[in-house]
Asker: 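Just passing along the structure, written as structure tokens.
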Amino acid sequence: MLPYSILYDHVLEFMDGSIWCVKGIKPIDGYVIAHITHVPTSNVKSIRYRFLRSAIERARIISRKYRWLVSYIPKLDMINILIPLKMVKVYDPREAVIHYISNGRNNMERIVGEFISLISRGARVSVKNLGLSGGYAVYNPTPYEPLEVVVYGLNEGLKVYNYMRRLMFGRGIVKPLNEGLLAKEYTELRLHDRVDYRLYKTLERRKVLRGMYKGVRYNITLLNIEDIKTSDILSVKRIGNVIARARIINSRKAIFTPTIYDIEVIDVSEGPLTSKLATQIYTLDERFKEYLWDDAEVLIEGMLEKVRVKRYGEVEEYFRIHVYSYRHTIIPIRRLKVPLTP
């Protein structure tokens with residue numbers, strides 16, 4: 001049984017019919033951090049929603065219709081979108097899995113059910129630890145929407161990751177995103193002034209938690225439920241923007257959400273003097289999942305934060321660099337050929 005009723009990637013239907021995806025790790029006093037993903041449409045009878053494909057489109061809709069949901073969160077020292085739980089209907093991603101496995105009404109639903117069954121059988125993970133997010137959670141996926149799979153549990157996540165590696169690099173059942181999709185994504189994310197396209201393509205085509213299965217694009221999110229259950233953020237204090245050079249000393253959490261890299265800061269180009277004390281890169285940005293390896297040297301641009309967390313009853317304090325804005329980035333300076341191994 002999961003420790004919290006609402007987790008990352010749970011799906012919410014707002015009172016106006018719009019669909020939101022939970023992007024906060026835990027609820028905060030009856031609210032959750034969430035991002036809009038779909039808006040209702042009446043143009044097509046069989047499709048109830050329109051998928052918002054780009055961050056720019058989502059930002060425009062937030063600015064036009066939902067600005068009143070944007071709030072300052074003192075505990076996290078940040079401004080974000082807070083959705084009151086009393087104003088939404090919650091869809092549990094785990095319930096959608098059973099629907100697609102047992103009800104293949106059309107070719108798309110059969111592929112979805114087949115993919116979930118493939119992961120469950122091959123990785124030896126119970127379907128109770130798997131979920132479907134996005135439009136799939138409300139049983140009405142839209143065209144161009146990727147298949148969003150959620151895996152709950154540390155051991156389950158490691159099993160699924162290793163199995164996906166075998167499927168992609170061994171058996172070739174799943175494939176990396178093709179160059180056309182990567183080029184389009186590179187342009188939409190405006191990465192041309194952040195990272196060279198050839199490096200971006202090389203890093204992305206190594207990833208196994210996103211790719212293609214029978215022509216359907218998929219994303220897999222691994223949630224370490226045990227870590228979520230045993231740790232609680234007491235406070236976060238933002239100190240200032242930082243640009244630093246660092247070495248990755250532990251990348252074992254690079255496949256999970258949130259993505260965490262343990263680091264040793266080598267040099268600080270810009271930012272507070274306390275940046276040298278940062279021991280961690282923290283991000284919820286999917287771009288930086290499966291991105292770096294042990295001993296890789298990287299250039300980081302992000303927000304330096306001082307974090308107080310209660311873990312196993314003990315209070316810890318540490319500094320981290322939070323990469324969350326489109327202006328933030330992580331760029332490998334020295335590329336390695338060693339594959340990521342959990």
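One-based numbering along the sequence shown.
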Asker: So, do Val242 and Ile300 sit near enough that their side-chain heavy atoms are less than 4.5 Å apart?
Answerer: no

Asker: Tell me the closest heavy-atom pair linking Ile36 and Ser18, and the distance in Å.
Answerer: CD1-CB, 4.1 Å

Asker: Would Arg206 and Glu290 pass as an ion pair if we require N to O under 4.0 Å?
Answerer: no

Asker: If hydrophobic clusters are built by linking Ile, Leu, Val, Met, Phe, Trp and Tyr wherever their side-chain heavy atoms come under 4.5 Å apart, do Tyr31 and Ile62 end up in the same one?
Answerer: no

Asker: Verify whether one side chain among Glu145 and Tyr136 offers a donor that lies under 3.5 Å from an acceptor in the other.
Answerer: no

Asker: Lys23 and Asp9: salt bridge (Lys or Arg N to Asp or Glu O under 4.0 Å), yes or no, with the steps?
Answerer: CA-CA 6 Å; Lys23 294 302 176 185; Asp9 266 357; 3.0 Å; yes

Asker: Kindly give the heavy-atom pair with the smallest separation between Arg58 and Leu52, and that separation in Å.
Answerer: NH1-O, 3.0 Å

Asker: So Val208 and Arg166, do their side chains get closer than 4.5 Å, heavy atoms only?
Answerer: no

Asker: For the pair Lys306 and Glu317, find out whether any cationic side-chain nitrogen is under 4.0 Å from an anionic carboxylate oxygen.
Answerer: yes

Asker: Going through the distances and angles, do Tyr100 and Met108 end up as a side-chain contact (heavy atoms from CB on, under 4.5 Å)?
Answerer: CA-CA 10 Å; Tyr100 285 98; Met108 181 64 181; over 6 Å; no

Asker: Report yes or no: does Glu226 contribute a side-chain atom to a donor-acceptor pair with the main-chain N or O of Leu154 at less than 3.5 Å?
Answerer: yes

Asker: Distance from Ser235 atom OG to Leu76 atom CG, nearest 0.5 Å?
Answerer: 9.5 Å

Asker: Is the side chain of Thr283 donor-acceptor paired with the backbone N or O of Val323 at a distance under 3.5 Å, no angle test?
Answerer: yes

Asker: Is there a path of hydrophobic side-chain contacts, each under 4.5 Å between heavy atoms of I, L, V, M, F, W or Y residues, that connects Val70 with Phe14?
Answerer: yes

Asker: Hey, are the side chains of Asp16 and Pro40 touching, using non-hydrogen atoms and a 4.5 Å cut-off?
Answerer: no

Asker: Here's a test for you: under side-chain contact (heavy atoms from CB on, under 4.5 Å), which of Thr37, Val11, Ile83 qualifies with Trp20?
Answerer: Ile83

Asker: Is Glu286 paired with Lys289 through a side-chain N to carboxylate O contact shorter than 4.0 Å?
Answerer: yes

Asker: Please check this pair: side chain of Tyr161 against backbone of Ile255, looking for a donor-acceptor N/O pair closer than 3.5 Å.
Answerer: no

Asker: Under 3.5 Å, is there a donor-acceptor pair between the Tyr72 and Asp77 side chains?
Answerer: yes

Asker: Nearest 0.5 Å, please: how far is CD in Glu316 from CZ in Arg308?
Answerer: 11.0 Å

Asker: So does Ser251 get a backbone contact from the side chain of Asp294, meaning a donor-acceptor N/O pair under 3.5 Å?
Answerer: yes

Asker: I'd like to check Thr221 versus Asn219 (side-chain heavy atoms, cut-off strictly below 4.5 Å). Are they in contact?
Answerer: no

Asker: Just how far is it from atom CD1 of Ile263 to atom CZ of Arg247, taken to the nearest 0.5 Å?
Answerer: 11.0 Å

Asker: Parallel, tilted or perpendicular: which fits the ring planes of Phe115 and Tyr218, with parallel below 30° and perpendicular above 60°?
Answerer: tilted

Asker: Compare all side-chain heavy atoms of Glu57 with those of Arg50 and state whether any distance is below 4.5 angstrom.
Answerer: yes

Asker: Rounded at 0.5 Å granularity, tell me how far NE2 in His99 sits from CD in Glu109.
Answerer: 4.5 Å

Asker: Is there a side-chain contact between Pro93 and Tyr152, using heavy atoms and a 4.5 Å cut-off?
Answerer: yes

Asker: Does Phe51 have Arg217 sitting over its ring (NZ/CZ under 6.0 Å from centre, angle to axis within 45°)?
Answerer: no

Asker: Treating Ile, Leu, Val, Met, Phe, Trp and Tyr as nodes and any side-chain heavy-atom pair under 4.5 angstrom as an edge, say whether Val307 and Met78 lie in one connected cluster.
Answerer: yes

Asker: Is a side-chain donor or acceptor of Arg245 paired with a backbone partner of Val268 at a separation under 3.5 angstrom?
Answerer: no

Asker: Can you see which heavy atom on Gly211 is nearest to which on Leu177, and at what distance?
Answerer: O-CD2, 3.7 Å

Asker: Check this for me, if you would: do Lys276 and Asp267 make a salt bridge, where the nitrogen-to-carboxylate-oxygen distance has to be below 4.0 angstrom?
Answerer: no

Asker: I'd like to know if Lys207 pairs up with Glu204 as an ion pair, taking the criterion as any Lys NZ or Arg NE/NH1/NH2 lying under 4.0 Å from an Asp or Glu carboxylate oxygen.
Answerer: yes

Asker: side-chain contact (heavy atoms from CB on, under 4.5 Å), that's the test. Do Ile33 and Leu82 meet it? Break it down for me.
Answerer: CA-CA 5 Å; Ile33 297 172; Leu82 280 180; 3.8 Å; yes

Asker: To the nearest 0.5 Å, tell me how far Ile330 CD1 sits from Ile248 CD1.
Answerer: 7.0 Å

Asker: Are Asp262 and Lys253 close enough that some pair of their side-chain heavy atoms sits under 4.5 Å apart?
Answerer: no

Asker: If we ignore hydrogens and angles and just use 3.5 Å, is the side chain of Thr202 paired with the main-chain N or O of Arg198 as donor and acceptor?
Answerer: yes

Asker: Between Glu305 and Arg238, is the closest basic N to carboxylate O distance under 4.0 Å?
Answerer: yes

Asker: Identify the heavy atoms of Phe288 and His328 that sit nearest to each other, and give their distance.
Answerer: CZ-O, 4.5 Å

Asker: Sub-3.5 Å donor-acceptor pair from the side chain of Lys75 to the main-chain atoms of Ile233, do we have one?
Answerer: yes

Asker: If we ignore hydrogens and angles and just use 3.5 Å, is the side chain of Thr41 paired with the main-chain N or O of Tyr49 as donor and acceptor?
Answerer: no

Asker: Search all heavy atoms of Ile321 against all heavy atoms of Gly302 and return the closest pair with its distance.
Answerer: CG2-CA, 3.9 Å

Asker: Please walk me through it: do Thr257 and Leu223 pass side-chain contact (heavy atoms from CB on, under 4.5 Å)?
Answerer: CA-CA 6 Å; Thr257 300; Leu223 293 180; 4.1 Å; yes

Asker: For residues Asp285 and Tyr291, is any side-chain donor paired with an opposing acceptor at under 3.5 Å?
Answerer: no

Asker: Would a single hydrophobic cluster contain both Tyr282 and Ile249, if residues Ile, Leu, Val, Met, Phe, Trp and Tyr are joined by side-chain heavy-atom contacts under 4.5 Å?
Answerer: no

Asker: Do you know which two heavy atoms are closest between Met87 and Met15, and how far apart they sit?
Answerer: CE-CE, 3.0 Å

Asker: Please say yes or no: joined through hydrophobic side-chain contacts below 4.5 Å, possibly via intermediate residues, are Tyr66 and Ile79 part of one cluster?
Answerer: yes

Asker: Tell me whether the centres of the aromatic rings in Tyr186 and Tyr197 are closer together than 6.0 Å.
Answerer: yes

Asker: Quick check: do Ser275 and Val265 have side-chain heavy atoms less than 4.5 Å from each other?
Answerer: no

Asker: Going through the checks in order, is the side-chain contact (heavy atoms from CB on, under 4.5 Å) test met by Val88 and Val32?
Answerer: CA-CA 11 Å; Val88 299; Val32 288; over 6 Å; no

Asker: Is the side chain of Ser120 donor-acceptor paired with the backbone N or O of Ile116 at a distance under 3.5 Å, no angle test?
Answerer: no

Asker: In Å, rounded to the nearest 0.5 Å, how long is the span from CD1 of Ile119 to CD of Glu156?
Answerer: 13.5 Å

